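Have a look at the structure below, then the notes.
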Amino acid sequence: MSQQPPAPAGTAGEFLHDFLLAAGRHTPDAPAVIESARPGLTTVTSYAQLGALADAYTDGLLTLGLETGARVILEADTTAHSLAMLLAASRAGLTFIPVSPKTPGQRLRSLIGTARPALHLQASDGERTDLPRALATARFGPGGLTVEHAPEQPRPRRRVPCVTDPAYIIFTSGTTGRPKGVVMSHRAVVAFYRGMLAYGIATPEDRIASTSPLQFDFSLLNIGLALGSGASVVPVPPDLVRWPRHLLRVLRETGATQVNGVPSIWRQPLRHEPGRLAALDRLRSILFCGEEFPLPELRRLQELLPKARVINCYGATESMACSVEDVPNPLPADAHRLSIGVAHPGAEMLLVDEHGEIVAEPGVPGEIHLRSPALFSGYWDDPQATRRTLVPDPLCPQSGQVVLRTGDLAVRGAGGEFYFCGRTDSQVQINGNRVELAEVERRLTQCPGVAAASAAALPQPEGAGLRLTAFVVLTAGRPAVDTADLGAFCARALPPYMVPQEIRLLDVLPTTPNGKVDRAALARGARPAAEDGTRTAPAPPPPGRPPRPRPPPCSVAAATDDPYVPKERAKEGTGTMSRIDTSGPAIGEPRPGRLRAYVRVRAGGLPAAFWVLWGGSLVNRLGSMVNPFLSLYLTGVRGLSVATTGLVLAVVGIGSVVSQPLGGFLADRFGRRVALTGGMLANGATLLALGHARSLTLLVACCFVLGITIDLFRPAAQALVADAVPAADRTRAYGLLLWAVNLGFSVAMVLGGYLASHGGRLLFWLDAGACAFFGLLVWLAIPETRPAARERTAGSYRTVLRDRAMLAFAGLIVGYAIVFQQAFATLPLAMTGTALSSSAYGLVMGVNGLIVIAVQPLIGHRLAAFDKSRVLATGFTITAAGNAVAAAASATAGYALAVAVSTLGEILVFAVTAAVVADLAPAHLRGRYNGLIGMAWGTGFLIAPIVGTRLLVIGSTTLWLTCTALCLAAAAGQLALAPSLRRRTEAAAGT
């Protein structure tokens with residue numbers, strides 16, 4: 001095959017990288033990227049520095065020998081380094097596919113299988129590990145490009161890039177159930193940028209804040225607008241956008257003059273931080289896109305920022321956008337909708353009716369067709385979908401020219417401007433994210449136990465956007481499927497914005513006379529399932545309820561019976577469901593009383609499997625008396641010395657180091673039920689053997705086995721919660737589980753203290769019986785939650801040990817565990833050393849459980865709203881304060897105060913630790929991840945009695961002050977680790 005000599009991409013015409021860096025060549029020292037990920041830390045990258053980074057990355061990519069046009073996954077948030085890598089891919093003749101670091105593993109694997117990339121790129125601190133072994137991988141960052149697994153280098157079939165080559169592929173929601181790849185060429189995207197710059201939206205002095213993740217085309221629009229104008233890009237980290245104070249802090253510290261984002265980013269600042277929003281005196285313009293801006297919120301924004309220019313940008317991913325229109329300031333009082341303007345220079349919008357005829361009259365609806373040089377090339381590997389969307393020019397089909405059939409309905413105003421008024425298919429916009437309802441429905445119908453379902457985008461109260469809602473019918477005669485279980489099923493394959501926010505269980509889906517799902521009836525009055533587990537059909541609207549206001553009709557053929565529910569293009573009657581929304585009553589449902597609302601906020605919406613686990617944990621903890629009183633049993637009943645007791649307890653610690661890693665393996669390999677039930681029964685048998693051991697050798701052997709079995713169940717239990725409970729509810733769920741544990745613990749400590757002072761043999765029987773009850777309850781009442789075999793990928797502890805953030809986090813837990821375990825290993829000895837009785841120790845430790853019972857319900861449901869690392873650091877610091885109090889204690893009251901303070905820290909640490917691990921762990925490795933964190937606890941427990949008893953010999957003050965220092969060090973370490981953990985643990989929330 002004849003080939004031209006290799007040539008750099010820039011010599012064949014204007015490519016994406018040429019356009020983005022052209023303006024900066026005249027001002028190389030001007031800021032190109034301004035970042036402020038943390039308060040007080042602003043980083044500026046000049047155009048010269050950005051170009052140098054791109055050059056270095058280009059050289060690294062070229063050495064890999066990838067064929068021109070090969071696809072590379074770019075998994076990163078928007079940073080200076082990821083922008084440089086984007087430019088490098090373009091310059092190297094490669095097609096980049098932007099992907100969020102928070103993309104579920106199953107969805108990423110589906111995307112990889114579809115796009116067949118030659119290379120996966122992620123930032124140097126990226127956390128992705130569960131990638132196909134055959135895929136080449138590399139990392140980029142301040143140290144340059146580091147290749148982890150080099151790609152194969154077959155002989156290239158082409159070497160010369162062309163402006164018609166794909167610059168990037170963006171994968172969006174698709175109706176077929178797999179992501180739909182929108183292929184954009186260099187020529188098309190540069191044509192759009194040039195058309196957009198004609199509006200004069202940005203100048204070289206501007207600092208343009210981009211609030212959309214890199215994998216959305218809106219982010220690429222912002223990058224092109226900024227760099228193409230010689231202005232600065234201000235990327236706002238995705239996990240800061242949803243927090244109004246953090247968002248406004250970034251805008252203030254970076255000096256942002258323009259903010260580009262979906263309208264929903266302004267909702268929280270308008271409600272909670274209007275003063276700080278009004279203080280952004282440098283903000284000159286706001287550009288929004290992706291969804292309609294609620295007019296009350298828009299008016300309020302104009303009131304707070306009266307000098308800011310507000311711009312409405314309209315268009316589809318298939319053309320990046322196609323029109324830009326200024327919003328009148330102030331918005332007229334009688335305005336009830338916004339114009340989307342007309343097409344950008346060089347493009348034209350047409351309206352076509354259902355018969356294929358051009359609509360020219362004002363006020364007559366039609367489907368928008370776009371003629372533009374900025375159209376996408378097609379859908380990746382989907383020629384049929386491409387032909388349905390790129391259709392012959394309706395004005396001159398003989399020419400061979402194609403136009404974009406958008407699927408959007410609009411009417412033309414008297415001045416020629418257009419007004420959007422709906423869709424012809426099942427596509428909706430949720431917080432600016434494109435969602436195909438058919439893809440959501442397809443995923444849920446794959447879940448066993450779902451007979452039928454339908455999804456819709458329903459309006460939220462007070463014009464607060466749309467809420468993705470699912471209506472579900474379960475299969476009769478099959479095991480009941482819990483809503484949260486199915487929410488977790490969705491979350492394993494769908495990005496957070498595609499997981500429905502509400503589920504309503506029905507006996508049947510209502511249908512129209514032609515047999516299709518009646519979406520209007522669902523939207524008008526569907527009720528959630530009754531509390532007794534029955535399911536009801538949709539209820540009619542309450543008498544006297546006025547109908548919703550409707551926008552002007554778009555067409556008789558295309559408009560649905562309800563303006564808020566789009567008509568479907570493909571199959572109707574397939575379905576979906578997710579976690580239940582607990583924020584308020586459903587449509588037509590009376591508001592609950594105060595007590596019911598109080599309980600609902602704190603405990604509502606969690607699956608039945610969780611409550612079985614909660615009840616079993618409560619009973620198990622009621623009987624857990626051996627471990628806290630083991631040191632007193634060994635010294636008092638068995639007559640061992642303090643030093644020997646410390647060594648025997650260390651043997652328990654050695655066993656516990658093995659316990660949880662083994663339990664994690666069992667939970668992933670054989671299932672949560674087998675590991676949990678087997679662990680409980682084995683622990684019960686060991687307790688009985690320990691209670692009847694006579695010789696020291698047998699005692700030590702039983703203690704070692706006890707260490708192995710005592711926590712064998714725990715990784716399975718923690719993984720079960722992560723499997724069953726959606727990410728947004730996990731902190732609350734783990735807090736409730738901690739509450740059950742401490743509710744039982746407070747009773748067990750008082751009763752155990754009494755029994756320990758009277759010989760203690762009964763302790764072992766009660767503890768063993770509670771273990772057997774818990775294990776059998778789980779086996780009989782909880783279905784297996786481990787991902788199905790088809791959803792599991794290969795993995796081992798080697799994968800877990802490559803997770804650097806997890807390893808660092810586990811190290812901090814070791815330090816905290818050493819301190820925490822002193823309450824059981826040395827506190828009773830310290831108290832008896834000051835002539836206090838074992839009953840006094842039992843009462844003091846009972847304070848722990850009582851405080852958890854009283855305090856945890858008040859704060860547990862609120863913890864999810866805070867940064868997990870800061871919560872943990874606060875918990876470590878409070879625990880340090882409790883140990884400082886213990887250093888000065890000499891009476892029961894003093895020790896009780898120390899335990900009370902430490903317990904407040906414990907509440908924070910335990911609830912959030914489990915949630916962090918659940919967020920870090922891939923679904924198929926949750927057992928092993930919990931096994932690793934369990935090993936961290938076990939290691940701390942192993943060290944604790946050895947170190948604690950030695951320090952206690954020196955003096956109790958030395959012991960407790962050492963613990964204070966260790967907790968403060970853990971708090972500092974947690975804050976240092978926070979940036980890395982934050983990128984991993986905020987996935988439930990999304991933006």
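Everything numeric here is computed off the predicted structure, so don't read it as measured data. Only this structure's heavy atoms are used, side chains among them; waters, hydrogens and symmetry mates stay out.
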Atom CG in L283, atom CG in L277: separation rounded to 0.5 Å? 8.0 Å
Ignoring hydrogens and angles, tell me if any N or O in the side chain of S264 forms a donor-acceptor pair with the backbone of V262 under 3.5 Å. no
Looking at E367 and G407, would you say the former's side chain and the latter's main chain have a donor-acceptor pair under 3.5 Å? yes
Specify the closest pair of heavy atoms between P238 and D77, including all atoms of both residues, with the distance to one decimal. CG-OD1, 3.6 Å
Indicate yes or no for a side-chain donor-acceptor contact from T95 to the backbone of P166 under 3.5 Å, with no hydrogens or angles considered. yes
Once rounded to the nearest 0.5 Å, what's the spacing between atom OH of Y419 and atom CD of E325? 8.0 Å
Spatial distance of atom CD (Q302) from atom CG (L331) [nearest 0.5 Å]: 5.5 Å
Reference residue H344; test ring-ring contact (aromatic ring centres under 6.0 Å, His included); the match among F192, Y193, Y314: F192
Taking side chain as C-beta onward, heavy atoms only, is F288 less than 4.5 Å from L338? yes
Report yes if the side chains of V236 and I265 come closer than 4.5 Å at any heavy-atom pair, otherwise no. no
Which distance, rounded to the nearest 0.5 Å, do you find between the CG of L247 and the CZ of R276? 12.5 Å
Do you know which two heavy atoms are closest between Q215 and S100, and how far apart they sit? NE2-CB, 3.2 Å
Please tell me if the side chains of L221 and C313 come closer than 4.5 Å, counting only heavy atoms from C-beta onward. yes
Would you find a donor on one side and an acceptor on the other, under 3.5 Å apart, between the side chain of E253 and the backbone of P39? no
Looking only at the side chains, is there a donor atom on one of T389 and E318 sitting less than 3.5 Å from an acceptor on the other? no
Does S36 offer a backbone N or O that forms a donor-acceptor pair with the side chain of R249 under 3.5 Å? yes
Look at the side chain of E205 and the backbone N and O of T203, then say whether any donor-acceptor pair between them is shorter than 3.5 Å. no
Does the pair L351 and I368 meet the rule for a side-chain contact (heavy atoms from CB on, under 4.5 Å), with working shown? CA-CA 5 Å; L351 292 183; I368 297 176; 3.8 Å; yes
Residue pair R337, V411: steps toward the side-chain contact (heavy atoms from CB on, under 4.5 Å) verdict: CA-CA 12 Å; R337 59 183 177 181; V411 295; 3.9 Å; yes
Can you find a pair of side-chain heavy atoms, one from P394 and one from L350, that are under 4.5 Å apart? yes
Under a 3.5 Å threshold, yes or no: a donor from one side chain and an acceptor from the other, between S285 and Q258? yes
To the closest 0.5 Å, what do you measure between CD (Q49) and CG (D29)? 8.5 Å
Between T58 and H17, is there a side-chain heavy-atom distance shorter than 4.5 Å? no
Heavy-atom side-chain proximity of M196 to I201 below 4.5 angstrom: yes
T406 side chain to D408 main-chain N or O, any donor-acceptor pair under 3.5 Å? yes
Going by distance alone, is a donor N or O of one side chain under 3.5 Å from an acceptor N or O of the other, for D206 and T257? yes
Counting distance only, does the side-chain N/O of E297 pair as donor-acceptor with the main-chain N or O of L270 below 3.5 Å? no
Using a 3.5 Å distance criterion without hydrogens, assess whether the side chain of S82 forms a donor-acceptor pair with backbone atoms of T79. yes
Given the rule in the side-chain contact (heavy atoms from CB on, under 4.5 Å) test, do N312 and I340 qualify, once you have shown the distances and angles that lead to the verdict? CA-CA 6 Å; N312 183 7; I340 59 174; 4.0 Å; yes
Provide the closest heavy-atom pair for G261 versus T211 in the form atom of the first, atom of the second, distance. CA-OG1, 3.2 Å
Is there a side-chain contact (heavy atoms from CB on, under 4.5 Å) between I170 and L220 once you walk through the steps? CA-CA 10 Å; I170 283 186; L220 298 177; 3.7 Å; yes
Residue pair E14, R194: steps toward the salt bridge (Lys or Arg N to Asp or Glu O under 4.0 Å) verdict: CA-CA 12 Å; E14 189 171 38; R194 293 208 173 279; 2.6 Å; yes
Taking CZ in R187 as the centre, count heavy atoms belonging to other residues, nucleotides or ligands within less than 6.0 Å. Is the count above 12? no
Looking only at heavy atoms, what is the nearest atom pair of P979 and R38, with distance? CG-NH1, 3.6 Å
Here the pair of heavy atoms bringing T254 nearest to L251 is OG1-O, 3.5 Å
Compare all side-chain heavy atoms of W266 with those of R300 and state whether any distance is below 4.5 angstrom. no
R299 (side chain) donor-acceptor with P332 (main chain) under 3.5 angstrom: yes
Note, D393 side chain near R371 side chain (heavy atom, < 4.5 Å): yes
Rounded to the nearest 0.5 Å, what's the gap from CG on L20 to CG on L83? Could you check? 9.0 Å
For W380 versus V183, what's the shortest heavy-atom pair and its separation? N-CG2, 3.9 Å
